[in-house]
Structures are given as structure tokens and as C-alpha cells.
Amino acid sequence: MKIIFIIPNMTGGGTERVISLLSEEYIRMGYKVAIMQFAGYEHAYELNERIEDFSVARRSNGNPFIFIRRLIRMRRYFKQNPDCCIFSFCVNGAIFSVISTFGMKRRILVAERSSPDSCKQTKLRNWAYKRTDRITFQTQEGMTYFPNWIKSKAVVIPNPIDAAIALPHTGRRTHRIVSVGRLHAVKNHKLLFEAYADFSSDFPDYELHIYGQGELETELKEYAGKLGISEKVIWHGFCKNVTEEIKDAAMFISTSNYEGISNSMLEALAMGIPSICTDCPIGGARSYIEHEKNGLLIPVGDKDALVNAMVKIASNDAFAEQLSKNAVGVRDKYSVRSIAEQFLKAAGIKGS
């Protein structure tokens, strides 16, 4: 049995991180694994040499010839692997997989990775989903956006936590506030910068460290300048060993407008970093964070609530330490092996 992951490219995002973890685990479990990139060819994460990693096309940018060539190459590969099971980790991947396997009997599992209402092609998405075998969601809330005929073949599977991430930090924490994620509008870094500008007037020794890359980098740097915080905002870009870099941070903050399950949030909790997250659709943060017990939840877009949360952690060491101790419990609950087996069962490969 070969498991084929479908993804636009393997840049340094959360979905790509999950695919890399699951791929490695399936190799250890004795399965053949391939990662098919259909809009480029990138490698942010190191992969086992036994994983077949390849691209069928570059970004099409609306070019119909690239689109057709992509489907032809996908179909050829699926024909060459009759015993495969397709795991699509994006909407377009599901659409392309359904089209390119027309007339074949190939099992297709789709993993919904973000807020479903952000999809701009719902009719085409639902057409493809109807022709797949199983759909996985990260949260129960994510399922509510879909009709009953999709819900009937859906299952909730959370994200895995890499056992190899840094152990919880002991001792005093540095006065660093960290944010990890793509520099994209949906992450709402501007809210973080605005809150940090207010916070730093009372806590001037705290720095803001930004890990990630994206199309808004220049704009965000300019915005930090307008707020007068440029000298205290440190930009790291994409960092492969980010967990080692942030393990002793004072707090982790996620200000997303919507999100499935943030891998960086999970890893921050697992390392015991006091964490503040927006309680955004589709409920990923609240699935893991119990407010004021193992983290703090704030309303989406609420700068004042974010400032208050930051002040509460920075001004109360005992409270921050309690959050840290309670948060590390997620480390054992969401092991890679457990999540990998849940995907196999959902796909009908194991335990069915």
C-alpha cells in the first residue's frame, strides 16, 4: 500500500509540517509514501530518503496548458500505482485528484485544513468532496459549514505533536514574545503589533520576535515603523528549529482571524510557553485551550483584550507558571503515531 499526499508545495507552513510528520511515521510503520506537489517544488522540511517527493507542475497562474499538463501527469502516476490511497491536504488537491482518477478505483481522503467559509469555490469543492471516500476535519465546528451528505462521511482528527520538539523550559524565561506563522493577512499581525506597542510602554524590556515569511513582510515592517516599535521587533524568517529558538520565551501569541489548528500553538503549549490565542473560527484554539487554565483566549480583533492578556502574564509569574504546567499535557495526548493511525482508520486502511 502506498499513501500519496497531495499538496501545492512543501513550504514552511503548518499543513506541510503535518504532512512531513505523518510521512515519516508511515515509513516507520512499513508503508510506502509519496508526496505529490502540484504547484511548485519546495522543501522546507527534511524528509526521509525513502519518501518519494516530486512535483507534477509549477504554479499555473491561470495558464490552461500547465493545468492540463498537471492533470495528465497526476493521472499517469495514479495509473502506475493501483494500490495507492490518496490523502489530499487541500481543496484544489481534492479537485485535481477526483478529476485525474476518473474511471479508476482509487480511495481518496480529504483533510480540511482551514476555515471552510474562506473557500471561494464552494460548488466545485463540494462536487469533488462528494466523489471522495472520507473527509477529515480538525474540529467539530469545521463540520458545521457543510451539508449533511458531507458530514455523513466526515470524522474529526486533530493535529499531531512531534515528540522531538524541545522539552518544557525550566528556570526563568526570557522577556521575548514570540509569534510563529505565515506573514499573511489572515494571521492579523497588525493586531499583534498594535497591542505590543501599547504593552511595551509599560513593559519596555520585552521584545517581539516574528518567525515566518510571506507576502506581507515589507508591509508589516513598515507598519512596525509607523507604530514606533521597529527597534524592538526582531524578524527571523522561516526557521527549521523554531521550537529550540522559542522554548524559553515569556509568551506565545496567535492573532489569527480564522485558523484550523495552529501547529505553532500546539508546540508552544507542549513546551509550556504561556500562550494567548484568538478564539477564532473554526474553533481550533478552544479545542486545546481552556481559558485561564492552560492558556488565554481572546476575541478576534480585540486589541484591548490582547493587551490585558499580555499584561496578566508579564505581571504575574505565578499565573504564568501555572499556565505553563497545565499546558504541557497536550504533549502525550496527540502523539504522531496516534494521529497517523486515526488517518489510516478513516481511509479504511486500518481498523475498518
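Excluded from the calculations below are hydrogen atoms, water molecules and symmetry mates; all remaining heavy atoms, backbone and side chain alike, are included. Numbers for residues simply follow the sequence, beginning at 1.
Annotation: side-chain hydrogen bond (donor to acceptor under 3.5 Å, both in side chains) contacts of Gln121 (sequence neighbours excluded): Asn92.
Distance alone, capped at 3.5 Å, places no donor-acceptor pair between the Arg58 side chain and the Ala39 backbone. Side chain of Asp302 to main chain of Ala305: a donor-acceptor pair is present (N/O by atom type, distance under 3.5 Å, no hydrogens or angles).
Judged by distance alone, the side chains of Asn159 and Arg113 do bring a donor and an acceptor atom under 3.5 Å apart. Using modelled atom types and a 3.5 Å distance limit, the side chains of Thr174 and Arg176 yield a donor-acceptor pair. Checked by atom type, the side-chain pair Glu112/Tyr129 shows a donor-acceptor distance below 3.5 Å. Looking only at atom types and distance, the side chain of Tyr77 has a donor-acceptor partner in the side chain of Glu52 under 3.5 Å away. Counted by atom type alone, Lys293 and Asn326 present zero donor-acceptor pairs between their side chains at under 3.5 Å.
Relative ring orientation between Phe96 and Phe67 is described as perpendicular, the plane-to-plane angle rising above 60° on a 0-90° scale split at 30° and 60°. Note on ring orientation: taking the six-membered ring where Trp is involved, the planes of His209 and Tyr211 are parallel (angle under 30°, cut-offs 30° and 60°). Ring orientation note: the planes of Tyr45 and Phe238 are nearly perpendicular, at an angle over 60° on the 30°/60° scale. Note: Phe343 and Phe89 have tilted aromatic rings, judged against thresholds of 30 and 60 degrees for the angle between ring planes.
The residues Asp198 and Lys303 are annotated as salt-bridged, a charged nitrogen and a carboxylate oxygen being separated by less than 4.0 angstrom. Of the charged side-chain nitrogens involved, at least one lies within less than 4.0 Å of a carboxylate oxygen, so that Arg17 and Asp162 count as a salt-bridged pair. A salt bridge links Glu259 to Lys187: one of the charged nitrogens lies within less than 4.0 Å of a carboxylate oxygen.
Both tests pass for Lys312 against the ring of Phe319: distance under 6.0 Å to the centre and angle within 45° of the axis. For the pair Lys151 and Phe146, the NZ or CZ position fails the cation-pi test of under 6.0 Å to the six-membered ring centre and within 45 degrees of the ring normal.
Checked against a 6.0 Å centroid threshold, the rings of Tyr145 and Phe137 do not count as neighbours.
Contact between Thr139 and Ile282 at its shortest, heavy atoms only, is OG1-O, 2.5 Å.
Just one of Gln37, Glu42, Glu16 meets the side chain to side chain donor-acceptor pair (under 3.5 Å) condition when paired with Thr11; it is Glu16.
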